Amino acid sequence: MYRNFGAIVDHANKTVQFRVFFPDHEVDPNQYYREYNVRDDKGKLLYTNKGGKPEISEIRVVGDFQGALGGTNWDVKTAPVLGKIRRYPETPDAAKGFLYESDVINLSDGFFQYRYQVLHSGETEHRLCNDPCTKYHDYRDGDGDASGFVIGGNPPIEVQPIADRLPLGDLVIYELHLEDFTWETRRNEAPMAEMLKKVEYLESLGVNAVEILPWTGCSGSGYSWGYTPFLYFSVTNRYVDDKKYPLEKISQLKALINALHSKGIHVIMDGVYNHVSDMFPYYQLYKDRDVCPFIGNFKEYGSFGQVIDFNNECANEFILSVCKYWIDVFKVDGIRFDYVKGFYDKEDRLHGFRTLIEKLNDYIAEDPARKNISLTLELLNGYDCINDTNTVDATGCWLDDYLWRTYDFIEKGRVNKEIMRILNANKDFKPGKSPVIYAQNHDHRTLVNSIGKGNYSRGEAWRTQPYIIALFTSPGAILMHSGMEWGENTWMPEGSEEGPSRTSRILHRAIHWSQQYDAVGTMLASTYKKLIEIRNKHSALRSPNFYPADDYSTSFNQQGYGFHEEKQVVIYHRYDNSERFIVVINFSQNNQQIDIPFPANGVWRDLLNEHDTTVSGYWLRSEVVNSNWGKIFWQKIS
């Protein structure tokens with residue numbers, strides 16, 4: 001229900017009304033617990049979560065709209081006062097707390113900033129707070145964060161859903177950070193506005209989904225990856241600040257999503273629901289921050305700021321409302337849930353991530369237009385993430401082991417038998433669920449950088465090619481990070497290299513668009529485009545079917561498939577009811593002569609090298625496979 005609070009704008013009548021909700025234990029005992037003791041299996045008290053009242057005497061709303069009302073902008077003395085509704089909703093059976101609400105205010109067209117001035121009981125100084133449900137995050141120069149709203153301007157944009165939303169396993173996802181992705185080319189444009197110009201590039205590359213690092217409001221005006229949110233219903237000011245067209249900046253994300261959808265490109269948002277910035281408005285609105293029922297230990301600390309307390313129903317309802325808002329209003333095609341193990345308790349079926357996914361699945365099922373909206377987890381717990389995904393009934397999960405194995409192989413210059421497990425990425429997932437696999441993402445050094453163990457030369461980028469071929473012929477949704485397609489070379493601290501803080505890795509790393517035209521970029525981009533096209537055209541490569549499924553030996557099996565350690569070659573079979581593939585990849589630095597098995601005779605097309613081969617006797621004998629390269633043989637089933 002939280003989506004119904006904040007600055008409620010009626011564009012037709014040019015009015016706004018401000019509404020702030022607070023949960024109340026006395027009205028609905030499920031909203032929070034006055035004291036919730038968490039103990040270990042020996043009875044030792046680990047921590048206590050407390051829930052209480054905000055102890056507010058008065059709330060006023062100040063902003064730059066006050067002058068239009070005959071007062072002085074940002075003046076607390078003349079600011080409208082919000083009246084208190086004791087029971088909200090007013091129907092007793094549905095009541096969950098109480099509401100502070102202003103009168104309806106008439107305004108002319110404009111973009112307006114506002115904040116709440118809160119006077120707590122027993123105090124004489126007001127506390128300046130943002131609106132937890134504002135639909136826009138702004139930043140006042142020299143004065144910190146502000147909330148915002150628009151009256152008038154162009155008619156509000158309605159986001160159009162994608163025409164054909166595909167299952168997660170059919171996606172090739174392009175992960176990007178709005179600021180780094182647009183830095184080199186945007187000049188004085190806002191990142192979101194420049195991003196709109198990049199849609200045609202993404203279409204030409206062939207990807208059918210984008211995953212954007214968190215766009216929800218983050219406090220401050222400095223560089224951020226977005227993983228310290230504090231305004232969950234808003235777009236962070238840094239991405240859309242447009243002084244030339246201030247009435248339109250609030251709608252830029254909607255325009256971008258419409259442009260992407262028109263090209264058949266899905267939009268997946270990155271949702272950070274385990275922890276919040278210290279500036280989270282509800283944390284600030286309570287006189288005693290320690291009794292704010294939205295904040296408190298639940299399962300595991302999430303590295304930054306304050307932890308959301310999913311023991312309390314108000315927190316569960318808040319995050320559920322946030323997810324529904326982005327699904328309904330912005331028509332996102334999926335949500336990637338950051339750091340899920342921070343709010344997932346395997347034994348707790350009533351709180352946290354497990355119940356959130358259950359309610360979202362029910363909500364998605366209510367409307368056929370929401371079909372194939374994906375709910376993807378980042379668990380960071382090895383192959384255990386597969387069982388967790390199956391247990392909570394999520395659509396899929398990030399399979400981090402794919403990246404770690406790939407980096408290990410590259411740095412050692414050799415693959416081992418574990419290659420067969422990561423290639424069979426869909427193993428153990430329930431039907432309809434899918435891993436998201438990647439050899440590079442925003443949180444680690446780039447694939448090309450791993451070749452030289454931190455060396456910044458792109459000269460050996462060709463050594464990444466067998467891993468790229470493996471990625472695009474493995475089952476699962478494919479995720480590629482921005483600039484990967486032309487060999488962006490970026491170092492990032494890993495493990496013990498991190499130093500005293502994970503924030504050491506959150507640095508501005510603009511991608512270099514000019515590199516797509518040099519010799520390395522041209523070579524790599526051509527390979528990526530070809531592999532994306534092959535995958536998009538052929539359903540068998542998007543299926544979970546893989547052979548050999550459980551063979552982790554160091555030489556080919558009797559049928560000729562598997563991994564050969566000495567030759568550094570893998571051979572595997574992908575198939576469905578309409579077509580079949582034989583994939584051969586040479587990870588070594590030398591050409592290899594290989595006997596390649598086939599499940600059927602006849603003409604097979606090597607799609608990677610654009611060459612037809614006629615197979616007889618179910619084998620190709622002494623076939624040469626070039627170093628750091630491969631062959632993708634395809635045959636249609638008649």
Side-chain angles (χ1 to χ4, degrees), residues 166-167 169-172 205-208 419-420 422-427 434 437 439 465-478 480 485 524-549 551 556-557 559-564 567 569-587 591-638:
L166 301 174
D170 284 1
L171 300 184
V172 177
L205 185 60
V207 299
N208 56 12
I419 186 70
M420 297 306 294
I422 69 168
L423 291 172
N424 188 15
N426 222 107
K427 177 178 165 60
S434 174
I437 54 176
Q465 289 181 133
Y467 300 95
I468 298 168
I469 298 168
L471 180 68
F472 281 91
T473 55
S474 297
I478 309 302
M480 52 186 293
E485 67 273 28
L524 282 181
S526 174
T527 300
Y528 275 96
K529 287 182 179 181
K530 180 172 287 189
L531 288 167
I532 293 170
E533 181 182 17
I534 291 171
R535 185 178 182 86
N536 287 341
K537 282 185 177 180
H538 294 283
S539 58
L541 291 178
R542 305 191 303 271
S543 79
N545 302 324
F546 183 94
Y547 176 82
D551 188 345
F556 298 137
N557 64 17
Q559 288 74 40
Y561 297 92
F563 166 63
H564 197 289
K567 292 181 178 291
V569 173
V570 294
I571 302 176
Y572 50 98
H573 181 31
R574 304 294 317 285
Y575 56 94
D576 64 9
N577 293 328
S578 63
E579 57 183 355
R580 48 201 166 208
F581 283 85
I582 297 297
V583 181
V584 187
I585 307 176
N586 179 5
F587 292 90
N591 294 350
Q592 299 290 347
Q593 275 196 338
I594 303 294
D595 292 338
I596 303 174
F598 287 82
N601 292 323
V603 176
W604 287 75
R605 176 74 172 172
D606 180 355
L607 298 177
L608 185 59
N609 301 287
E610 301 179 0
H611 175 72
D612 286 340
T613 298
T614 300
V615 174
S616 61
Y618 301 99
W619 288 89
L620 274 182
R621 300 292 183 180
S622 301
E623 184 78 0
V624 176
V625 183
N626 291 342
S627 66
N628 295 285
W629 195 239
K631 296 175 182 286
I632 303 175
F633 293 103
W634 167 78
Q635 186 184 69
K636 185 176 180 61
I637 298 176
S638 58

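Numbering starts at 1 and runs along the sequence shown. Quantities reported herein were computed from a predicted structural model and do not represent experimental measurements.
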Within this structure, what is the OH-CG distance for the pair Tyr575 and Asn545, rounded to the nearest 0.5 Å? 4.5 Å
Residue pair Pro475 / Pro544: nearest heavy atoms and the distance that separates them: CB-CA, 4.0 Å
Is the distance between the ring centroids of Phe587 and Tyr467 less than 6.0 Å? yes
Ring-ring centroid check Phe598 Trp619, cutoff 6.0 Å: no
Establish, yes or no, whether a centroid distance under 6.0 Å links the rings of Tyr572 and Phe546. yes
Note: Ser578 and Ser539 closest approach over all heavy atoms is OG-OG, 3.6 Å
Side-chain heavy-atom pair Phe633, Ile596 within 4.5 angstrom cut-off: yes
Heavy atoms, side chains only, cut-off 4.5 Å: are Thr613 and Leu620 in contact? yes
Does some side-chain heavy atom of Val624 sit less than 4.5 Å from a side-chain heavy atom of Gln592? no
Euclidean distance, Asn626 CG relative to Lys631 NZ, rounded to 0.5 Å: 6.5 Å
Measure from the ring center of His573 to the ring center of Phe581 and say whether it is less than 6.0 Å. no
Asp595 and Ser622: CA distance, side-chain angles, deciding distance, side-chain contact (heavy atoms from CB on, under 4.5 Å) verdict: CA-CA 5 Å; Asp595 292 338; Ser622 301; 4.1 Å; yes
Non-hydrogen side-chain atoms of Leu423 and Ser474 separated by less than 4.5 Å: yes
Minimum side-chain heavy-atom gap Ile632-His538 below 4.5 Å: no
side-chain contact (heavy atoms from CB on, under 4.5 Å) with Phe472: of Leu541, Thr527, Ile532, only one passes, and it is Ile532
Under a 4.5 Å cut-off applied to non-hydrogen side-chain atoms, are Arg535 and Ile478 in contact? yes
Evaluate salt bridge (charged side-chain N to carboxylate O under 4.0 Å, His left out) for Arg574 paired with Glu579, printing each intermediate quantity in order. CA-CA 9 Å; Arg574 304 294 317 285; Glu579 57 183 355; over 6 Å; no
Is a salt bridge present between Glu533 and Lys529, judged by a nitrogen-to-oxygen distance below 4.0 Å? no
Where do Met420 and Asp551 land on the side-chain contact (heavy atoms from CB on, under 4.5 Å) test, with the steps shown first? CA-CA 7 Å; Met420 297 306 294; Asp551 188 345; 5.9 Å; no
For Asn591 and Trp629, test the side chains for any donor-to-acceptor distance below 3.5 angstrom and give the result as yes or no. no
Check against side-chain contact (heavy atoms from CB on, under 4.5 Å), Val569 and Phe556: CA-CA 9 Å; Val569 173; Phe556 298 137; 4.0 Å; yes
Is the shortest distance from a Lys or Arg side-chain nitrogen in Glu610 or Lys530 to a carboxylate oxygen in the other one below 4.0 Å? yes
dist Ile468:CD1 -> Ile585:CD1 (nearest 0.5 Å) comes out at 11.0 Å
Heavy-atom closest contact (Arg542 atom, Asn536 atom, distance): NH1-O, 2.9 Å
Are more than 12 heavy atoms from other residues, nucleotides or ligands located less than 6.0 Å from atom CG of Asn577? no
Spell out, as yes or no, whether a donor-acceptor pair under 3.5 Å connects the side chain of Asn609 to the backbone of Gly630. yes
When rounded to the nearest 0.5 angstrom, what distance separates OG in Ser543 from CZ in Arg580? 13.5 Å
Donor-acceptor pair, side chain of Asn628 and main chain of Gln465, under 3.5 angstrom: no
Looking only at side-chain N and O atoms, does Ser616 offer a donor or acceptor that is under 3.5 Å from a partner on Asn601? no
May I have the step-by-step check of side-chain contact (heavy atoms from CB on, under 4.5 Å) for Asp612 and Asp606, ending in yes or no? CA-CA 6 Å; Asp612 286 340; Asp606 180 355; over 6 Å; no
Quick one: does Gln635's side chain get under 4.5 Å of Arg605's, heavy atoms only? no
Just wondering, do Asn586 and Pro466 contact through their side chains at under 4.5 Å, heavy atoms? no
Within this structure, what is the CG-CG distance for the pair Asn208 and Leu171, rounded to the nearest 0.5 Å? 5.0 Å
Hey, what do you get for CG (Leu471) to CD1 (Ile469), rounding to the nearest 0.5 Å? 11.0 Å
Gly476 and Ser434 have their tightest heavy-atom pair at CA-OG, 3.5 Å
Between Val583, Leu531, Val584, which is the residue that forms a side-chain contact (heavy atoms from CB on, under 4.5 Å) with Leu608? Leu531
